[in-house]
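Reading through the structure tokens given below for one structure.
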2 protein chains.
Amino acid sequence: MDEINRSSLKTIAQELNLSISTVSRVVNGTGKISAATRKKVMKALEKHQYVPNQIARSLKTNETMTVGVIVPDIADYFATVIKGVDAVLASKEYSIILVDTNEQPEKEHHYMRLLYEKRIDGLLLATVDPEENKWITEYKKKNIPIVFFDNEPVTSEKCDAVMLDNIKASAMVVNHLAEMGHKNIAIICGERSESTAKERSDGFRIAMKNKRLPVDLALIKEGSFHLESGYQSMVELLNNRKEHPFTAVYATSYKMTCGAIKAMREFNLRYPDDIALVGFDFIDEYGLIEPSITSIIQPVRNIGCVLASRLLESMQNNKKHVEEDVYTVTQTIRLPPELKVGASSNKRI
Amino acid sequence: MDEINRSSLKTIAQELNLSISTVSRVVNGTGKISAATRKKVMKALEKHQYVPNQIARSLKTNETMTVGVIVPDIADYFATVIKGVDAVLASKEYSIILVDTNEQPEKEHHYMRLLYEKRIDGLLLATVDPEENKWITEYKKKNIPIVFFDNEPVTSEKCDAVMLDNIKASAMVVNHLAEMGHKNIAIICGERSESTAKERSDGFRIAMKNKRLPVDLALIKEGSFHLESGYQSMVELLNNRKEHPFTAVYATSYKMTCGAIKAMREFNLRYPDDIALVGFDFIDEYGLIEPSITSIIQPVRNIGCVLASRLLESMQNNKKHVEEDVYTVTQTIRLPPELKVGASSNKRI
DNA sequence: GCTTTTTTAGCAAACGATTGTGTATTTTTC
DNA sequence: GAAAAATACACAATCGTTTGCTAAAAAAGC
């Protein structure tokens, strides 16, 4: 095997009897360089297969062209969000360092530090830590732009966030079901400590009231966004059906929807005939599930794009040393969901 | 807002009237430091919320504690592979820079350069570029450890790779179907330019021959691993069924399996009654599809773990400057698949 | 109490780039 | 042909670390 080929500006400069600065300037296309030397240098760069050392560059310029992304589980809908993020960031020559916390809130803090050690230029954070405020301030002080997503931050720091309009999502579901003639609607929710769960639940109640439909607290199940919880909630709902009857159920996460389906099958109930079902994030890209499930669909890719754009903007402001907060307006962007109507609810009663 | 808090070894050293090196040594726990100064320094570090600058450290140590991961599509089974990778790398304090090429081979080269600019310590590469050898050599010369996965590299460089044992996968399918009494088996394959597709196809023929079953070339469809291709292939198979009859079909990717199912539905054919079906990567974690589909399942998470371990090893050797190739044994690891038998094929004919 | 040994801490040179300033050299201007 | 202006390049400081070597201080030995 040939010897290791690692060239630096110095290597090239020495070979050509030029100064490092001159070579640097042709690499970056800055400064005044004569056509002759430029050509000479270019040739040498090519010959040595010179690739600039971004580490050294970062040290000097204080920019790493890298952003961190922390998610609870990349094998979830986050994967598509990240695709959106990656698409817009990559076009600006940023790369992303991805961290999967496996839904363990206590890991977030640790990874945040790791990312800061690497001096990321910005961070996208889907936190599940209800106490994230305890450590996030430290990094705000270090002046790193953060955009939250999925869950709303509890921190009192002024932060950007982009999320689904969960209130609206629930309203769409309730309105749709009401239109189909349903009056008694059950909801299967996540933990209220997560803002997404809270909003979906609150949105449900608000929408029910708006439609002048009865809100039976026994029909509001709050669990944990997972399959087991969705299954368990549905079982309980079905067991109490005599005292607390309902004709439709709204499951507020993908896994919970699956759990609910599982429970219904075990009870030998069919949708939409026995009970109408509306799910969440239930994509079924290839239409394999029959009858098809009505579901709230998040504009996942777009969430990613908006996230990235917002962060880019923040990082831009940061570079300009916008000291005055007057200029840095933080905002929470809420993206509208879509209700994909399938067979599971598309029957008037 | 308070002022920006960015401290360096210098900041701390000056405040304590110590040298930078001393502070550095207590941060790293290296060298001889008296208990008194150590304590003093620790306190100051804490007070300033000092976080070491990995960029500067990297420049000096030539290690970034970062590895690159290039995949064609993270919203695929790769997400789980990455989870495995992340789990083992994170435990060694490495982070991963993730790149999604959107299945565009021409982007791989570009991103590779970007990653090298960032001086990643190693690379995991799931290439779809049939001409990856044209640029991979350059980076091998720069001495960065690479482990391939998903597809086998075409480069002649000695490379590590970890992949599914695709030959075995096809054998398992054929043996299973043979056991169920099938003789005429069709296969829906990807492009032979991708080694995964080639191996699954070749494995199929070999297994058929071993079982002394007829290999009808008209029953071997080669397309592109996507839904449309799977659908199209299945339609063609069904249309030619009179001349080239078959009782079972083996689709060699998740999307192709979906496409095949779609086609069968349109032809009003049911599995396993009309045709037995075996898929690939068809996970259906929550058992939503009925009847359940028999499928080859890759040990996805494990692939990730093995990948990461192999890379760690490579990087370790690299640090030790193992010049002699004698010590650096490159290898291709083939992980065994699992055949999850579902209803779609579980019927003797 | 004076060497000798052992600890502890500081000096300074890297790592590979960027960039403001200084200075030959060339070009323009009159 | 001399002064002014412009051009092309070099010098050197700097970013925040690590680390080998050295000097000072403390401990130990006599």
Spacing of Asp121(A) atom CG and Leu311(A) atom CG [to the nearest 0.5 Å]: 9.0 Å
Rounded distance (Å) that lies between atom P of dC15(D) and atom CG of Leu59(B): 14 Å
Cationic N near anionic O, under 4.0 Å, Lys107(A) to Asp129(A): no
Electrostatic pair Lys141(B):Glu138(B) at N-O distance under 4.0 angstrom: no
Test: Glu46(A) and Lys43(A) ion pair at under 4.0 Å: no
Protein-nucleotide distance (Asn53(A), atom CG; dG16(D), atom P), rounded to Å: 17 Å
Phe149(A) and Phe78(A) aromatic ring geometry - parallel, tilted or perpendicular at 30°/60° bounds: perpendicular
Given DNA chain C, 5'-ward residue of the pair Ala56(B) and Arg25(B), judged by closest heavy atom: Arg25(B)
N or O in side chain of Thr61(B) less than 4.0 angstrom from dT18(D) OP1/OP2: no
Cationic N near anionic O, under 4.0 Å, Glu313(A) to Arg310(A): yes
First encountered from the 5' end of DNA chain C, between Lys60(A) and Lys10(A): Lys10(A)
Protein-nucleotide distance (Leu18(B), atom CG; dA24(D), atom P), rounded to Å: 17 Å
Nearest-Å distance for atom pair NZ/P, residues Lys40(A) and dC9(D): 8 Å
Opening and closing nucleotides of DNA chain C in contact with chain B, under 4.0 Å to non-hydrogen atoms: dT8(C) to dG16(C)
Rounded distance in Å - CD1 (Ile20(A)) to P (dC15(D)): 18 Å
Rounded interatomic separation in angstrom, taking CG from Leu9(A) and P from dA12(D): 18 Å
Nearest-angstrom distance from the residue atom CD of Gln14(B) to C1' of dG16(D): 13 Å
Distance-only donor-acceptor test, Ser21(A) side-chain atoms vs dC9(D) base atoms, 3.5 Å: no
For atom OH of Tyr50(B) and atom P of dG16(D), their distance in whole Å: 10 Å
